[in-house]
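Worth knowing before you read on, the calculation uses all heavy atoms, side chains too, and leaves out hydrogens, waters and symmetry mates.
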Amino acid sequence: MIRDKRIKKRKQRVLLAVVAVLIVLSFVLHRQITQGVFSPTISGAYYHVATDEKAVSLTFDAVWQPGELPRILDILDRYEVQATFFLPGTWLRYNADLAREILLRGHEIGHHGYAHKRLTELNEEELSKEFALMEEALQEELNVQTQLFRPPYGEINQEVYDYIADRGYTTVLWSVDPHDWLDPGVDKIITRVIKRVHNGAIILFHTNATQAVDALPVIIQSLKMQEYEILPVTQLLEKEK
């Protein structure tokens, strides 16, 4: 009888320990989902815009080519929405016509590195080369400059942030990430965005995520029904309080 009680108590302690671990993991995962990045929060970078106005930005990272970009542009046209596209230089070099189409349709372009490298693993000389190549690609292919920058994979540290800021760029990350690149299903993508949207939200999508493009019309309609204004990042930043 005493032995049975000891075994029962031991099982209870193990169960409590497992529950505690699950609670901690749940908290960590929640932070990753809401922040959408794996780097520590960097002061000065924009994960969202602090505003009392009902305004959000749709942002698209273009990495794999050409992805669903033509369909995305058509959907945005249909709903008269302007968005922000973050382009790597290698993508731009191979898809210059599509990049020009982004601009012709009234959207804005941000810098997403040249070769989509993890910037936290580069030294200053390598960082300088990445930025020089990207700026050169923007100038030669589009004859444009941009002050918006999004680090590949959302990975950034204070050293990289300071380097970016010194070059005059505004670092833009995100506050709503539907994890569309994992193909979780159209309904889940819609639910994740609509449940987590908030004033000043910066919403992340990827141009190769077919399910996200399938979800996009419903997301846009829902945001509009909730009276959110959908703006490019530059215009959203102007609403900062």
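- Residues forming a side chain to side chain contact (heavy atoms under 4.5 Å, CB included) with Glu126 (at least two apart in sequence, or on another chain): Leu122, Asn123.
- Taking all atoms of both residues into account, the shortest heavy-atom contact from Leu73 to Phe85 is CD2-CZ, 3.9 Å.
- Summarising the geometry of Pro217 relative to Tyr79, their closest heavy-atom pair is CB-OH, 3.6 Å, with the distance given to 0.1 Å.
- Panel note: side chain Ser57, backbone Thr59; no donor-acceptor pair is recorded below 3.5 Å.
- Every residue meeting the side chain to side chain donor-acceptor pair (under 3.5 Å) condition with Asp162, not counting sequence neighbours, appears here in chain and number order: Gln158.
- A donor-acceptor pair shorter than 3.5 Å cannot be found between the side chains of Gln147 and Thr170.
- Annotation: the span from Phe205 atom CZ to Phe86 atom CZ amounts to 14.0 Å, rounded to 0.5 Å.
- A distance of 11.0 Å separates CE in Met134 from NE2 in His116, rounded to the nearest 0.5 Å.
- Residues Leu76 and Phe60 have side chains in contact (heavy-atom distance under 4.5 Å, counting atoms from C-beta outward).
- Rounding to the nearest 0.5 Å places CG of Leu223 at 9.5 Å from NZ of Lys54.
- Residues Pro88 and His112 approach most closely at N-CB, 3.7 Å, considering heavy atoms.
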Working note: Ile156 + Leu119, criterion side-chain contact (heavy atoms from CB on, under 4.5 Å); need CA distance, chi angles, decisive distance, verdict. CA-CA 7 Å; Ile156 189 170; Leu119 302 186; over 6 Å; no
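- His107 places a side-chain N or O within donor-acceptor distance of the main-chain N or O of Ala83, the cut-off being under 3.5 Å.
- Distance check: Asn95 CG to Thr90 OG1 gives 9.5 Å after rounding to the nearest 0.5 Å.
- A 4.5 Å side-chain heavy-atom check between Val144 and Ile109 finds every atom pair outside the cut-off.
- Residues Val56 and Val176 have side chains not in contact (no heavy-atom distance under 4.5 Å, counting atoms from C-beta outward).
- Between Gln226 and Ser222, the side chains place a donor N or O and an acceptor N or O closer than 3.5 Å (distance only, hydrogens not considered).
- Applying the salt bridge (charged side-chain N to carboxylate O under 4.0 Å, His left out) test between Glu155 and each of Lys117, Arg150, Arg118 identifies Arg118 as the sole match.
- Under the 3.5 Å distance criterion, the side-chain polar atoms of Glu141 are left unmatched by any main-chain donor or acceptor of Ala137.
- Under a hydrophobic-cluster definition in which Ile, Leu, Val, Met, Phe, Trp and Tyr are linked whenever side-chain heavy atoms come within less than 4.5 Å, directly or via other members, Tyr94 and Leu92 are assigned to different clusters.
- With contacts defined as side-chain heavy-atom distances shorter than 4.5 Å, the pair Tyr163/Ser128 qualifies.
- Under the 3.5 Å distance criterion, the side-chain polar atoms of Glu130 are matched with a main-chain donor or acceptor of Tyr114.
- Looking at Thr146 and Glu108, their side chains never come closer than 4.5 Å, going by heavy atoms from C-beta outward.
- Thr51 contributes a side-chain N or O that, together with a main-chain N or O of Lys239, makes up a donor-acceptor pair within less than 3.5 Å.
- You'll find the side chain of Ile75 reaches within 4.5 Å of the side chain of Val213, heavy atoms only.
- When hydrophobic clusters are built by joining Ile, Leu, Val, Met, Phe, Trp and Tyr residues whose side-chain heavy atoms come closer than 4.5 Å, directly or via intermediates, Leu231 is not grouped with Trp174.
- Looking at Glu140 and Arg93, a side-chain N of the basic residue comes within less than 4.0 Å of a carboxylate O on the acidic one, giving a salt bridge.
- Considering only heavy atoms from C-beta on, Leu142 comes within 4.5 Å of Arg100 through its side chain.
- Annotation: the span from Asp74 atom CG to Leu216 atom CG amounts to 11.5 Å, rounded to 0.5 Å.
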Ile42 and Val160: side-chain contact (heavy atoms from CB on, under 4.5 Å), yes or no, with the steps? CA-CA 10 Å; Ile42 299 296; Val160 172; over 6 Å; no
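- Residues Asp214 and Thr210 are in side-chain contact: their nearest non-hydrogen atoms beyond the backbone lie under 4.5 Å apart.
- Considering every non-hydrogen atom in both Ser175 and Ala201, the closest pair reads OG-CA, 3.6 Å.
- In this structure, Ile190 and Ala215 approach most closely via the heavy-atom pair CG1-CB, 3.5 Å.
- Within 6.0 Å of atom NZ in Lys129, 12 or fewer heavy atoms from other residues, nucleotides or ligands are found, so the atom counts as exposed in its surroundings.
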Might you work through the side-chain contact (heavy atoms from CB on, under 4.5 Å) test for Glu135 and Gln145, ending with a clear yes or no? CA-CA 7 Å; Glu135 289 163 355; Gln145 294 179 325; over 6 Å; no
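- The aromatic rings of His111 and Phe149 sit perpendicular, their planes meeting at an angle over 60°, well past the 30° parallel limit.
- What you find for Glu80 and Lys224 is that their closest heavy atoms are O-NZ, 4.4 Å.
- To the nearest 0.5 Å, atom CG of residue Leu58 and atom CD1 of residue Ile202 are 11.0 Å apart.
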Candidate pair Leu236 and Tyr46, rule side-chain contact (heavy atoms from CB on, under 4.5 Å), full reasoning: CA-CA 11 Å; Leu236 184 64; Tyr46 283 92; over 6 Å; no
